Amino acid sequence: MYQQLNGKTKINVHDLNLWYGEKQALFSVSMNIMEKEVTAFIGPSGCGKSTFLRTLNRMNDLIDGVKISGDITINDENIYKSNDVIKLRTKVGMVFQKANLFPMSIYDNVAYGPRGQGIKNKKELNQIVEESLRGAAIWDEVKDRLKTSALGLSGGQQQRICIARAIAMKPDVILMDEPTSALDPISTLKVEELITQMKENYTIVIVTHNMQQAARVSDKTAFFLNGEIIEYDETDLIFSRPRDKRTEDYITGRFG
Ligand SMILES: Nc1ncnc2c1ncn2[C@@H]1O[C@H](COP(=O)(O)OP(=O)(O)OP(=O)(O)O)[C@@H](O)[C@H]1O
Ligand SMILES: [Mg+2]
């Protein structure tokens with residue numbers, strides 16, 4: 001049974017279980033993730049947040065010995081029944097904890113995905129790069145140095161280039177795994193503002209250890225513990241009136 005939450009469902013997860021070899025890491029996870037909202041996953045280290053996030057674009061397929069049961073439907077398509085994983089990862093982009101830019105220019109980093117999709121026209125690429133950098137709120141900072149190495153940027157700038165690189169693929173959904181944990185407070189706020197702007201156009205799922213961040217940026221919050229969802233609700237409710245004692249203990253810092 002799903003709890004009825006406001007919004008239009010973008011991703012439906014039904015009875016999802018995941019094992020790493022013999023070890024089960026996710027236990028019957030079911031939830032609806034809403035379109036053009038920010039959904040936060042919180043919970044103590046090792047509770048399965050990243051594992052679950054990675055199931056949403058089949059990144060766990062790359063790990064040996066992973067077994068998955070259950071269903072995930074995105075845009076009415078069961079992603080584990082379709083074989084087009086490349087298309088899935090185009091539609092469901094990902095931003096990681098550490099900026100993972102390629103050792104090439106800012107421009108080439110952002111153009112990398114579109115070029116891989118066969119876009120060669122220079123004008124078209126220029127436009128995608130500019131739009132993506134604008135979309136990631138970093139255009140003004142880098143427009144005069146597009147041909148210089150992306151690795152010469154600050155950590156916070158690099159993380160926004162990673163977001164631009166994801167946007168360049170024209171995704172519907174962007175998954176972010178602790179995207180600000182390596183950033184200073186000012187860069188963190190910039191990325192948070194960016195996330196808030198981005199939800200006009202994208203469905204965003206973010207893993208965070210920072211409770212204030214979850215409260216600031218997300219519409220819905222799911223609390224995970226030992227591979228299960230303990231509570232999933234409007235963020236305001238999770239942080240003001242959690243229904244489960246374990247959620248309350250976690251958000252008030254009593255454990256985790
Ligand atoms: N590649 C892997 N092989 C085997 N076990 C794994 C693998 N990745 C994660 N696990 C295990 O699955 C469980 C969930 O891990 P996961 O990384 O999803 O937790 P998390 O909630 O993201 O933690 P953190 O907050 O520390 O990032 C843990 O017990 C972890 O040890
Ligand atoms: Mg993690």
Side-chain angles (χ1 to χ4, degrees), residues 11 13-31 33 38-72 74 79-80 85 88-89 92-100 155 158-159 162-163 166 173-183 187-188 191-192 195 203-218 220-233 235 238-239 242 244-256:
I11 303 175
V13 180
H14 178 69
D15 195 14
L16 189 81
N17 295 276
L18 182 146
W19 293 261
Y20 291 111
E22 297 291 299
K23 188 178 172 297
Q24 189 165 359
L26 295 176
F27 297 81
S28 192
V29 172
S30 294
M31 74 188 309
I33 293 172
V38 178
T39 302
F41 296 166
I42 61 169
S45 188
C47 68
K49 305 178 297 295
S50 299
T51 299
F52 181 49
L53 193 74
R54 288 195 300 262
T55 64
L56 302 177
N57 70 349
R58 294 186 57 170
M59 290 288 272
N60 292 308
D61 289 18
L62 309 171
I63 302 172
D64 268 352
V66 168
K67 202 179 94 205
I68 294 174
S69 73
D71 293 301
I72 299 181
I74 302 181
I79 65 168
Y80 284 93
V85 178
L88 171 67
R89 299 215 182 105
V92 185
M94 190 144 185
V95 174
F96 299 88
Q97 182 168 6
K98 287 222 186 84
N100 56 348
Q158 289 195 28
Q159 197 57 308
C162 288
I163 294 172
V173 180
I174 301 185
L175 311 175
M176 300 186 178
D177 197 349
E178 300 187 49
T180 65
S181 65
L183 303 183
S187 306
T188 296
V191 171
E192 287 182 8
I195 290 171
T203 300
I204 296 174
V205 187
I206 178 173
V207 172
T208 180
H209 277 279
N210 179 332
M211 262 10 113
Q212 284 82 18
Q213 177 163 79
R216 280 193 296 261
V217 304
S218 72
K220 309 271 196 289
T221 296
F223 171 59
F224 284 78
L225 193 62
N226 300 328
E228 282 181 80
I229 293 189
I230 302 298
E231 191 164 348
Y232 173 46
D233 214 326
T235 295
I238 291 279
F239 286 98
D244 194 291
K245 174 90 171 57
R246 292 164 294 179
T247 314
E248 187 181 343
D249 285 350
Y250 184 72
I251 61 167
T252 54
R254 270 188 281 254
F255 76 83

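Atoms within a ligand are numbered from 1 in the order they appear, just like the ligands themselves. Since the structure is predicted, the reported quantities are computational estimates derived from the model, not experimental observations.
- Of all atoms in ligand 1, numbered sequentially from 1 with element shown, those under 4.0 Å from a heavy atom of His209 are 24 (P), 25 (O).
- Checked by atom type and distance alone, the side chain of Glu228 never pairs as donor or acceptor with a backbone atom of Ile230 at under 3.5 Å.
- Considering both main-chain and side-chain atoms, Ile63 never comes within under 3.5 Å of ligand 1 through any nitrogen or oxygen pair.
- Of all the heavy atoms of Ser45, the ones lying under 4.0 Å from any atom of ligand 1 are found in both the backbone and the side chain.
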message = Working note: Arg254 + Glu248, criterion salt bridge (Lys or Arg N to Asp or Glu O under 4.0 Å); need CA distance, chi angles, decisive distance, verdict.
response = CA-CA 8 Å; Arg254 270 188 281 254; Glu248 187 181 343; 3.7 Å; yes

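- At least one N, O or S atom of Ser50 sits under 2.8 Å from the Mg ion (ligand 2).
- For atom 31 (O) of ligand 1, the nearest protein heavy atom lies 4.0 Å away or farther.
- The protein heavy atom nearest to atom 17 (O) of ligand 1 is Ser50 CB, 3.9 Å.
- Heavy-atom separations between Gly43 and ligand 1 are all 4.0 Å or longer.
- Listed by atom number, the atoms of ligand 1 under 4.0 Å from Thr51 heavy atoms are 14 (C), 15 (O), 16 (P), 18 (O).
- Side-chain contact between Ile238 and Tyr232: absent, with no pair of heavy atoms (C-beta onward) separated by less than 4.5 Å.
- Each of the following atoms of ligand 1 lies closer than 4.0 Å to a heavy atom of Ala25: 12 (O).
- Looking at Gln24, its side chain never comes within 3.5 Å of a backbone N or O of Leu18 through a donor-acceptor pair.
- The residues Lys49 and Glu178 are annotated as not salt-bridged, no charged nitrogen and carboxylate oxygen being separated by less than 4.0 angstrom.
- Relative to atom 3 (N) of ligand 1, the option among Tyr20, Phe224, Phe41 with the closest non-hydrogen atom is Tyr20.
- In terms of protein heavy-atom proximity, atom 27 (O) of ligand 1 is closest to Glu178 OE2, 3.5 Å.
- Two residues are said to be in side-chain contact when any heavy atoms from C-beta on lie closer than 4.5 Å; Met211 and Phe239 meet this criterion.
- Exactly one of Ile174, Ile72, Val92, Val173 qualifies for a side chain to side chain contact (heavy atoms under 4.5 Å, CB included) with Asn57. That residue is Val92.
- The residue among Gln97, Lys23, Gln24 with a heavy atom at the shortest distance from atom 29 (O) of ligand 1 is Lys23.
- Given atom 23 (O) of ligand 1, the protein heavy atom at minimum distance is Gly46 N, 2.8 Å.
- Between Phe224 and Phe52, the distance separating the two ring centers is shorter than 6.0 angstrom.
- A salt bridge links Arg58 to Asp61: at least one charged side-chain nitrogen sits closer than 4.0 Å to a carboxylate oxygen.
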